[in-house]
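Notes for the one structure printed next.
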Amino acid sequence: QVQLVESGGGSVQDGGSLTLSCAASGYGYNDYCMAWFRQGTQKERKAVATIYGFGGNRDYVDSVKGRFTISRDNAKKTVYLQMDSLKPEDTAMYYCAAGFSCVRTAASYPYWGQGTQVTVSS
């Protein structure tokens, strides 16, 4: 089991940057796929990016490709989301998740952080 705590959210202007961090505690961190999801005005949490256990494979949704970068430091048990060229439509609560498969379905991830708010103003 793993516990997750996000940090790094905040308010920025259109075109700005933020880096989110997700610190994990517990056992087996290196075995998990780590993912970032976000939830805006819609009820559903939507995947933003995923990264495999040893950081080899990464996946991004089309809307963030070229702007967001997911990375992980297994020694620190931390996953990051570097967000550049932010847009107002990126405004959402961002959640870190850990699961056994790198898929884009929220229901496939058993472990979640509490979320961190990102607000981008025009």
Side-chain angles (χ1 to χ4, degrees):
Q1 190 168 357
V2 64
Q3 294 78 42
L4 305 171
V5 178
E6 302 98 333
S7 61
S11 297
V12 296
Q13 295 287 323
D14 190 353
S17 298
L18 282 173
T19 300
L20 306 183
S21 299
C22 173
S25 60
Y27 296 101
Y29 169 79
N30 291 0
D31 296 329
Y32 291 106
C33 171
M34 299 301 296
W36 286 98
F37 284 76
R38 64 187 179 186
Q39 184 173 9
T41 55
Q42 77 285 351
K43 291 183 179 181
E44 181 184 4
R45 291 183 186 181
K46 295 186 177 181
V48 174
T50 64
I51 186 167
Y52 278 86
F54 291 93
N57 287 1
R58 310 175 194 196
D59 179 53
Y60 300 92
V61 295
D62 287 346
S63 59
V64 307
K65 282 182 180 177
R67 301 189 298 121
F68 290 11
T69 303
I70 189 171
S71 62
R72 64 191 293 166
D73 184 333
N74 286 348
K76 295 181 178 180
K77 292 187 178 180
T78 301
V79 62
Y80 305 96
L81 186 68
Q82 173 68 40
M83 304 185 294
D84 298 317
S85 302
L86 282 161
K87 305 174 181 180
E89 51 264 43
D90 294 317
T91 295
M93 183 72 80
Y94 283 71
Y95 295 90
C96 174
F100 302 104
S101 297
C102 270
V103 295
R104 297 183 178 183
T105 307
S108 297
Y109 291 82
Y111 306 114
W112 291 86
Q114 81 289 350
T116 186
Q117 179 68 37
V118 172
T119 302
V120 185
S121 56
S122 58

For residues 94-101, which side-chain donor-acceptor pairs fall under 3.5 Å, sequence neighbours excluded?
| from | atom 1 | to | atom 2 | distance (Å) |
| --- | --- | --- | --- | --- |
| Tyr94 | OH | Arg38 | NH1 | 2.9 |
| Tyr94 | OH | Asp90 | O | 2.7 |

Distance-only check: which donor-acceptor pairs under 3.5 Å involve side-chain atoms of residues 19-31, not counting sequence neighbours?
| from | atom 1 | to | atom 2 | distance (Å) |
| --- | --- | --- | --- | --- |
| Thr19 | OG1 | Gln82 | OE1 | 2.4 |
| Ser25 | OG | Gln3 | OE1 | 3.2 |
| Tyr29 | OH | Thr78 | O | 3.3 |

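Ser122 contributes atom OG, which lies 10.0 Å from atom CD of Glu89 (distance to the nearest 0.5 angstrom). Between the CZ atom in Arg58 and the CZ atom in Arg72 there is a gap of 10.0 Å [rounded to 0.5 Å]. Expressed to the nearest 0.5 Å, how far CE of Met93 lies from OG1 of Thr119 amounts to 9.0 Å. Interatomic distance, SG of Cys102 versus CG of Asn57, reported as 8.0 Å (0.5 Å rounding). Annotation: the span from Thr116 atom OG1 to Leu81 atom CG amounts to 11.0 Å, rounded to 0.5 Å. Separating the CH2 atom in Trp112 from the CD atom in Glu6 is a distance of 9.5 Å, to the nearest 0.5 Å.
Applying the side chain to side chain donor-acceptor pair (under 3.5 Å) criterion to Ser17, with sequence neighbours excluded, gives Asp84. Among residues two or more places apart in sequence or in another chain, the salt bridge (charged side-chain N to carboxylate O under 4.0 Å, His left out) test is passed with Lys65 by Asp62. Taking Ser85 as the reference, Arg67 meet the side chain to side chain contact (heavy atoms under 4.5 Å, CB included) condition, with sequence neighbours excluded.
When side chains are defined from C-beta on, Tyr109 counts as touching Phe37, because their heavy atoms get closer than 4.5 Å. Looking only at side-chain heavy atoms (C-beta outward), Lys46 and Val61 stay at 4.5 Å or farther from each other.
Criterion: ILVMFWY side-chain heavy atoms under 4.5 Å apart, direct or through other members. Under it, Val79 and Tyr111 are part of a common hydrophobic cluster. Clustering ILVMFWY residues whenever any of their side-chain heavy atoms sit less than 4.5 angstrom apart, transitively, puts Val103 in a cluster other than the one holding Tyr52.
The shortest heavy-atom contact between Gln42 and Gln39 is O-CG, 3.4 Å. Here the closest heavy-atom approach between residue Ser108 and residue Pro110 is recorded as O-CD, 3.5 Å. Across all their heavy atoms, Leu4 and Gln114 have their closest contact at O-OE1, 3.8 Å. Taking all atoms of both residues into account, the shortest heavy-atom contact from Met34 to Ile70 is O-CD1, 4.0 Å.
Not a single donor-acceptor pair under 3.5 Å links the side chain of Tyr80 to the backbone N or O of Thr69. Under the 3.5 Å distance criterion, the side-chain polar atoms of Asp14 are left unmatched by any main-chain donor or acceptor of Pro88.
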**Prompt:** Going through the distances and angles, do Leu86 and Gln13 end up as a side-chain contact (heavy atoms from CB on, under 4.5 Å)?
**Reply:** CA-CA 8 Å; Leu86 282 161; Gln13 295 287 323; over 6 Å; no
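In this structure, Val5 stands alone, with no Ile, Leu, Val, Met, Phe, Trp or Tyr side-chain heavy atom under 4.5 Å from its own, directly or through other members.
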